[in-house]
Each structure stands twice: as structure tokens, then as C-alpha cells.
Chemist: 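One structure coming up, written as C-alpha cells, with questions to follow.
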Amino acid sequence: MADYFVGNKEYFPGIAKIKYEGPKSDNPLAFKYYDAEKKVGKKKMKDHLRFAVAYWHSFCADGTDPFGSATIPHPWTRDAKSPLEAAEHKQDAAFEFISKLGAEYYCFHDRDVAPEGATPAESEKNLAAIVAKAKKKQKAAEVKLLWGTANVFTNPRFMNGAATNPEFGVVALAANQVKAAIDATIELGGQGYTFWGGREGYMSLLNTDLKKEKEHLAKFLGMARDYARKQGFKGAFYIEPKPMEPTKHQYDYDTETVIGFLRHYGLDKDFRLNIEANHAELAGHDFAHELETAAAAGLFGSVDANRGEPRNGWDTDQFPSSYYETATAMYAILKAGGFTTGGLNFDAKIRRNSVDPADLFISHIGGMDTFAVGLEIAQRIIDDGKIPAFVKKRYSSFNTGDGAKFDKGELSFEDLAKIGSVKYGNAGFTSGKQEYLENVLNQYLLGL
Ligand code: XUL
Ligand code: CO
């Protein structure tokens, strides 16, 4: 046990390193499908999936919702003599949890890990002190930083936005925070840095200069990128789309919107997409649609792995539990070539009545198992080959003859129109076979 906690106190006593026990196990604290070292295709499961634990949901969220106060006990906040000491205890709990779980990565916002001070300078000092400790604990627990970010949405001063705030002073304060979070990410060897524009949107067009705000956002992102590169940061920058909540309309609405924005402002060389399943749903898209859209633009980066509740319209951030969703998502990810700097970050929280300490483990185990199954099914789709072969054949009329000339840009529009009328009067009646393909996928899902 001593191997798995790095602080002075054990916060999850009685829970040892989580092991793979296989599908027949009835131990809730064991993996049924996630077998880290198992090879799937050319890589081990752990290298395909690159799981990360989200600090904010797992160690900060306490079950508070708009209708009720905290329900989830956080023993690490007890007995601390100062906010900084409480942050250190929380950090001990976090590294104990992540290493017992066997996730290789974690993600954080500046304010998750270190308390805000009375002044910006004090906040920076707090963050630097915590980062120094995190560096040692990451090493001891063998945990790496997938990405860091800044929380420029909780503090009331961001009520009118951060980078898109109509007041220059707030834009500058946001920069101060983002700069410190970038420094922390670099210091901790982070493989990415994420921007989720919590307050970057508008509540009413009557008080908003939309054009100016979008230009400010682009300028801010470009300046932050230049600063990080100057400091030697080699990782990826991610934009995490979300259509609404907290604002009525967020500028990073969905993947397609972000791609257009990045290209318009020349940011597409450094920035990629961090796609969240629940945000896809809020935008009216399938998770796999968002992944394929990013991949098609060469901008797929990372994933916030969670799910929404289809019967309500907000960001419930639940743990993934649908094999269908993880299989179609993993298929999109494998087709995109898999993760490089990114991974599967559980931006998910236990329900507010999941109050046993073991529930935090059980929820992550379920999410990891669900993605492990999704990965195996996605690999089966590829290995069996029926679905990819069907898609290839569906577009085969572009492989030769006039179709190939069209693809190469060798036909004028007049040529194309003439070929249509002369040769293809009866074209268009080929079945799309959706139901057949859905049946094939269901066969893979059952593993028969
Ligand atoms: C909010 C959300 C954030 C980002 C990071 O909906 O998803 O937690 O992932 O700021
Ligand atoms: Co997220």
C-alpha cells in the first residue's frame, strides 16, 4: 500500500491498487475490461487510451448544485491550518487516488490546485508553491500532466468575460492568470494547454460588440501561444468547444465553428480541438461527429470523456457508460491515427448522492472499462474490415475515369455537366445500407 500514497496520510484507506480481474469478476473495485498492458492492434490499451483524471471534479466538486449544498465529504480539507495547507492535503489525496487507479495522467485548472490569494501576485505565489510540490509528487506517483488550464470563469470579476471582456483591465488580469497557468504547465511537463471559454460569449446582443469580442479572443490566444512558445513549450494548445452554458451563446460553439475561427485568425498551426462528449450533445451533435469533423480538418487533439443526460439540456458531466458511444468514438479516434499529445480526460463527476469514498473509484473504473470495450470494438471494426470496405466501395466511382479526373480537378464544370447528361442518366439508386451496417456493428458489440 505504501507504494501508492505519497503524502503523510492515506485518504482512501482500505482501497489498494485497482487490478484487472476480467469480465467475470464481481469486485466493484476491479477492472472488468481495462487491461492496461493488453495489446489492441499495435499498441497497449493504456497507450491507446491515455486516461487522465480531472482534478476539479474528483477533488474539488463537493456535490453543491443550484438547489443544495455540499454532500460529498472531502477529508483532505479537514485539519488544515491554511488554504495552502488544505491544497497540499488535496494534492496528496489526488496523487494517491490517481496512482491507485492506475491512470497515467491528470488535468487541472490553476484554481483547482492552489488557492486564490488576496492579490494577483499572491495567487501566482500560491500556484508556484503548489507546482513545486506537484513536481515531486508526479515523479513519486508516476503520474504525468496531460494538460493544464486557467479558471478564468469562477471569480465574479469574469462576469462579463475574460479575453472577451468589454473592460481592458479584466482582459489583462485574465492574461496574468493564463500566463501563470502556462508557466505551471511547462514546469510540470504538461503535454498540452487547454482553453475553455467559460465566459467567452454573450448573454445579450443589446450590450455586445460581437465582432470586437471575437477579435480580442483571437488576439489573446495568439499572444498566449507566442508567450508559451517563447518559454519553450512544445505541446499542443487545445480549444474546447461548447455551445452554451454559462453564456447563452459561446464563441467556441462547436468543432466546425472553432475550425473556422482558428483558420480565419491563422491559429490552426498550434491549436487543436479538445472535444467533450457532453458539449457535443448540447450542440446537437453526436460525439463521433465532432471527432470526425476535427480529424477531417487535421485538428483532432484530445477528449473530455463524459456523457450528458439526453433528456435534459445541461452539462451533467456523467461518467461514460455507453459502449455504443465509446465504440463509435474510438473508431473515429483510431481512424484519425489515435492520440499523440492528447488523451481521454474524465471531465466527469460522481452524482451528488454518490457519497462513499469508493464511489470515486467505481465511477472511474466504469469509465475506463467502457472505453476499453469501445476500443476493442473499434479495433474489431477495423480488423474485420466490412464497414471500412463498404465505405471505400461507396466512393469507388471516384477512383477511375471521369470520377478520378473530377477529384484531381481536371474537369471543367461544363465537362462535368455534359458527362452527367450523356453517361449517367440512371445514376443514384445505390443503397446506403445503413441498417445492414448497424446490424454488423451490433454483432461486434455482442462479441459474437
Ligand atoms: C466546462 C468544462 C471545463 C473544461 C476545462 O463545461 O468542460 O471543465 O473542460 O476548463
Ligand atoms: Co471539459
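Read the numbers this way: they start at 1 and go in the same order the structure lists the ligands and their atoms.
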Chemist: State whether a side-chain donor-acceptor pair under 3.5 Å links Glu167 with Asn160.
Modeler: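 No, because no side-chain N or O of Glu167 sits under 3.5 Å from a partner of the opposite role on Asn160.
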
Chemist: So, for Phe97 and Tyr11, is the gap between ring centers shorter than 6.0 Å?
Modeler: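 No, ring centres 6.0 Å or more apart.
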
Chemist: Salt-bridge test for Glu292 and Lys335: reply yes if a basic N is under 4.0 Å from a carboxylate O, no otherwise.
Modeler: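 Looking at Glu292 and Lys335, the cut-off is met.
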
Chemist: Answer yes when Glu10 and Lys100 have at least one side-chain N-carboxylate O distance shorter than 4.0 Å, and no when they do not.
Modeler: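 Yes, Glu10 and Lys100 are salt-bridged.
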
Chemist: Under a 4.0 Å heavy-atom cut-off, what residues line ligand 1?
Modeler: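 Within the 4.0 Å shell of ligand 1, which is judged on heavy atoms, sit Trp56, His109, Trp196, Glu240, Lys242, Glu276, His279, Asp304, Asp315, Asp347.
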
Chemist: Give a yes or no on whether the ring-centroid distance for Tyr55 and His109 is below 6.0 angstrom.
Modeler: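 For Tyr55 and His109, the ring centres are not under 6.0 Å apart.
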
Chemist: Suppose we call two aromatic rings close when their centres sit under 6.0 Å apart. Are Phe153 and Trp196 close by that rule?
Modeler: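 Yes, the ring of Phe153 comes within the 6.0 Å limit of the ring of Trp196, centre to centre.
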
Chemist: Could you grab the protein N, O or S atoms closer than 2.8 Å to the Co ion (ligand 2) for me?
Modeler: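 Listed by chain and number, the atoms are Glu240 OE2, Glu276 OE1, Asp304 OD2, Asp347 OD2.
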
Chemist: Ion pair present between Arg229 and Asp270, side-chain N to carboxylate O less than 4.0 angstrom?
Modeler: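 Yes.
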
Chemist: Run Glu96 and Phe12 through side chain to side chain contact (heavy atoms under 4.5 Å, CB included) and show every step you take.
Modeler: CA-CA 8 Å; Glu96 179 191 331; Phe12 299 94; 3.3 Å; yes

Chemist: Salt bridge (Lys or Arg N to Asp or Glu O under 4.0 Å) with Lys242: which of Asp254, Asp315, Asp252?
Modeler: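 The salt bridge (Lys or Arg N to Asp or Glu O under 4.0 Å) with Lys242 is passed solely by Asp315 among Asp254, Asp315, Asp252.
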
